[in-house]
Amino acid sequence: MDHFSSKDMALSAQKKILSRMATKSSVQMFIDDTTSEILDELYRVSKVYSGNKSEAQKVIKDLVKIAVKIGLLFRNNRFSTEELGIATDFKKKLHQGAMTAISFYEVDFTFDNGVMSELLTSCRDLLLKLVNSHLTPKSHNRINHVFNHYSDPELLTKLYDPSGTFRPNLTKICKGLDKLMEDGTI
């Protein structure tokens, strides 16, 4: 007998539509202002660091698509109890990463490439485990693309240079992360 579920079909259509319309104006329905400001700063850092506007746009677009798809899966109760445990672990690791990022920013010359890279790698691995059976290999590649980009040791070193050109960007990123932690978002 054929298994047909209009709910599954609707979810699939929503994911497809969202992957096609991940523009700044359409995403504002799903992402709050603080997160949007952080994403804007991450874009600026990526654009200057890579020297490639389209690559910077692709990284942010991939990040947004993944965030929106995971939010959609969560709102549609698609995660099992075990997966919700993984999601909780991811949120804790993300919170730890945000606290570490802010600490490295606030105390000059404490930045440790290895610590930050490990936190980002752990977040990536947990996220891949969470979405393993829900998203396509293309989405898995997007997750790898985003995390590999932002865990680049050279990028992180330049970002955390106290007298570097990215200091104003890092200030805005960390203030945004701090606000998201205060709000309980991460």
Side-chain angles (χ1 to χ4, degrees), residues 14-73 90 93-94 97-98 100-102 104-106 108 111-128 131 135-181 185-186:
Q14 287 175 345
K15 288 193 307 189
K16 189 71 164 175
I17 290 167
L18 289 174
S19 71
R20 300 238 186 261
M21 57 180 255
T23 61
K24 188 172 181 175
S25 59
S26 64
V27 167
Q28 286 177 337
M29 305 185 280
F30 301 100
I31 296 179
D32 62 59
D33 289 342
T34 303
T35 303
S36 181
E37 290 167 11
I38 293 170
L39 292 175
D40 289 346
E41 291 307 318
L42 288 172
Y43 164 75
R44 290 180 188 106
V45 167
S46 295
K47 182 178 156 191
V48 171
Y49 174 73
S50 70
N52 186 334
K53 180 180 174 182
S54 62
E55 173 60 19
Q57 288 173 339
K58 183 166 175 31
V59 170
I60 295 300
K61 193 171 186 177
D62 284 352
L63 196 159
V64 168
K65 284 181 177 183
I66 292 303
V68 170
K69 285 182 180 184
I70 291 170
L72 191 62
L73 289 168
F90 173 75
K93 187 60 76 173
L94 191 62
T100 303
I102 292 167
F104 285 154
Y105 160 73
E106 289 176 341
D108 287 347
F111 173 69
D112 184 332
N113 235 336
V115 171
M116 206 65 207
S117 288
E118 172 58 32
L119 282 167
L120 289 168
T121 300
S122 294
C123 284
R124 181 201 65 207
D125 293 345
L126 285 167
L127 198 54
L128 286 169
V131 301
L135 299 180
T136 65
K138 188 173 183 179
S139 291
H140 295 183
N141 289 339
R142 285 186 178 116
I143 292 169
N144 283 318
H145 180 231
V146 169
F147 280 95
N148 291 345
H149 179 78
Y150 287 111
S151 65
D152 175 353
E154 189 179 331
L155 170 62
L156 290 171
T157 300
K158 288 184 178 191
L159 182 62
Y160 278 94
D161 180 352
S163 57
T165 59
F166 292 130
R167 192 63 177 188
N169 305 95
L170 183 61
T171 299
K172 291 176 185 173
I173 290 167
C174 288
K175 285 184 180 191
L177 289 173
D178 194 39
K179 185 174 183 334
L180 291 177
M181 287 194 312
T185 306
I186 57 172

Using the side-chain hydrogen bond (donor to acceptor under 3.5 Å, both in side chains) criterion, which residues pair with Ser50? Sequence neighbours excluded. none
Non-hydrogen side-chain atoms of Leu128 and Asn144 separated by less than 4.5 Å: yes
Tell me every residue that passes side-chain hydrogen bond (donor to acceptor under 3.5 Å, both in side chains) with Thr171, counting only those two or more places apart in sequence or in another chain. Tyr105
May I have the step-by-step check of side chain to side chain contact (heavy atoms under 4.5 Å, CB included) for Val45 and Leu155, ending in yes or no? CA-CA 9 Å; Val45 167; Leu155 170 62; 3.6 Å; yes
List the atom of Cys174, the atom of Ala101, and the distance in Å for their closest heavy-atom pair. SG-O, 3.8 Å
Can you list every pair that meets salt bridge (charged side-chain N to carboxylate O under 4.0 Å, His left out) and has a residue in residues 43-55, with sequence neighbours left out? Glu41-Arg44
CG (Leu126) and OG1 (Thr121) are apart, to the nearest 0.5 Å, by 11.0 Å
What is the distance from atom CD1 of Ile60 to atom CG of Leu39, rounded to the nearest 0.5 Å? 5.5 Å
Any ring-ring contact (aromatic ring centres under 6.0 Å, His included) pairs touching residues 153-178, not counting sequence neighbours? Phe111-Tyr160
Side chain to side chain contact (heavy atoms under 4.5 Å, CB included) with Asp62: which residues, sequence neighbours excluded? Lys58, Arg142, His145, Val146
Asp32 side chain near Leu180 side chain, heavy-atom distance below 4.5 Å: yes
Report yes if some heavy atom in the side chain of Arg124 is under 4.5 Å from a heavy atom in the side chain of Asn148; otherwise report no. yes
For His140 against Leu135, the heavy-atom pair lying closest together: NE2-O, 3.2 Å
Would you give the length of the straight line joining atom CG of Leu159 to atom OH of Tyr150, rounded to the nearest 0.5 angstrom? 10.0 Å
Is any side-chain heavy atom of Ile70 less than 4.5 Å from a side-chain heavy atom of Leu127? yes
Tell me every residue that passes side chain to side chain contact (heavy atoms under 4.5 Å, CB included) with Leu120, counting only those two or more places apart in sequence or in another chain. Phe147, Ser151, Leu156
Can you name the residues that form a side chain to side chain contact (heavy atoms under 4.5 Å, CB included) with Glu154, not counting sequence neighbours? Tyr49, Asp152, Lys158
Residues at least two apart in sequence or cross-chain that pass side-chain hydrogen bond (donor to acceptor under 3.5 Å, both in side chains) with Thr34, listed by chain then number, are none
Closest heavy-atom pair and its distance - Leu177, Ile38: N-CD1, 3.6 Å
So how far is it from Ile186 CD1 to Phe90 CZ, rounded to the nearest 0.5 Å? 9.5 Å
OG/Ser46 to CG/Asn169 distance, rounded to the nearest 0.5 angstrom? 10.0 Å
With Ser122 via side chain to side chain contact (heavy atoms under 4.5 Å, CB included) - residues at least two apart: Lys93, Glu118
Partners passing side-chain hydrogen bond (donor to acceptor under 3.5 Å, both in side chains) against Asp108 (at least two apart in sequence or in another chain): Arg167
